[in-house]
Amino acid sequence: MLTNLKIDLPTIDLDSFSFGELESGIDVSMNLPELHPKQVEMWENRKRFNTVAAGRRIGKTTFGSWIMGQPEYTDYPIGWFAPSYKILIEIWREAKRIFHDVIERKSEVQKRIELATGGVIEFWSLDNPDAARGRKYKLIIIDEAAMISKLMDAWNLVLRPTLVDYIGEAWFFSTPKGRNGFWKMYQWGLDERIEDWASFQAKTIDNPFIDPSEVEAAKLTTPDMFFRQEYLAEFLEDAGGVFRNVIQCATAEEQHEPADGVQYCFGVDWGKLNDFTVISIIDVTNRRLVKQDSFNQIDYNFQLARLKSLYDIWRPVNIYAEKNSMGEALIDQLYSEGLPVYPMNTTNATKDAWIQSLSIAFERGEIEIINDPVLIGELQAFEATRTRSGLMSYSAPEGMHDDRVMSLAMGWQGATYAGELAGW
């Protein structure tokens, strides 16, 4: 074994990089790649699970290699996963170079490196995710995650269980590829309600080693949608979604108090179990969402107090609130106290009408919303499926929420009614 291990790292102010004392007297240095500022920013703001929507040449492999070399991981087993064997070979070669001086044994067949620190790095192709069953890791890195078929199944059934023993961490790196499993995970990192996840967007121009003029030159000859995906790391809007034109309508400024001469209305979706209560505040006069208040305290009295407090500030002309479940009792209490509350009975038919009305408003550009990434993610993910009876059923995809969408849809009903009275 080794002692007094020295590591040649970039001069950035991060955690301690000492491996500590090992048993033999060999002095070894490890040539980890240097990080650029965007990578440092992501590292300093990481959480347990991290997704990185990355433009081309941002340095996904470089950053992943650097993470594997951090001392909090090198005493433990690490897993690197790629969508195919061909993609895996690149990082396998890079890892052999970086960890060359601390490799005790390696297997070209098994793609496995044993380190003098006591740790192990194993490399897997997710052509067959089940091959990694039974492993346990302190860290896993998933490269080009958007290219992995059935990523959500691979995560839930195989990858996530490998982190249980060591309370391990995960990084998902990929250039976006539409609204797939990687996109859903990216939404988790934007959602403040999911505390273990963080999401980052890294454009090609965030890499200071790339000449900006080269990116500009590519822009001149690359179709806009491909440039936005490959270089700006944007998740392009799915033309087949329920709500179109969402990004174009996300131009409203968030407000924290009412403006003079403006009418407001509320849409309220009550929280149930693990869901959040969401109150959408809509400027009826200008047809725009100016604020969403979201909280997960489902205590009866707390929800009433929160809504009444907002009512005292904004004085909405109406409050359209969900009647289902505990909503009826809450509405009765609000009504008895003189608030202009209207019960919204959520059935498949009424939900269909509300969603279609909101969808048309987006399609025609008749509504503005605040540029909130969680709301935008919910709107873009919202799905429609046809039931056996022929009706459309609307909901969020599995693992995602739709409380912000439903609150907005009910608020839009209130705004439409108030607008008709005002002569829209």
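Computed from a predicted structure; not experimentally measured.
For the 3.5 Å distance criterion, the side chains of T277 and Q303 qualify, holding a donor opposite an acceptor. For the residue pair Q255 and Y264, a side-chain donor N or O sits within less than 3.5 Å of a side-chain acceptor on the partner.
A salt bridge is defined here as a Lys NZ or Arg NE, NH1 or NH2 lying under 4.0 Å from an Asp or Glu carboxylate O, and K219 with E216 fails to meet this definition.
With a 6.0 Å radius and a threshold of 12 heavy atoms from other residues, nucleotides or ligands, K47 has its NZ atom above the threshold. Heavy atoms of other residues, nucleotides or ligands lying less than 6.0 angstrom from CZ of R57 number 12 at most. The environment of OH in Y85 is sparse: at most 12 heavy-atom neighbours from other residues, nucleotides or ligands sit within 6.0 Å. Atom CZ of R193 has more than 12 neighbouring heavy atoms from other residues, nucleotides or ligands inside a 6.0 Å radius.
With hydrogens and angles disregarded, a donor-acceptor distance shorter than 3.5 Å links the side chain of T350 to the backbone of N345. Proximity of a side-chain donor or acceptor of W270 to a complementary backbone N or O of E322 within less than 3.5 Å is detected. Side-chain atoms of S407 come within 3.5 Å of backbone N or O of V278 as a donor-acceptor pair. Listed for the N318 side chain is a donor-acceptor partner under 3.5 Å among the backbone atoms of G414.
The aromatic rings of F227 and Y231 lie parallel to each other, their planes meeting at an angle below 30°, with 60° marking the opposite boundary.
Ring centroids of Y137 and W124 are separated by 6.0 Å or more, keeping the two rings apart. In this structure, W188 has its ring center no closer than 6.0 Å to that of F49.
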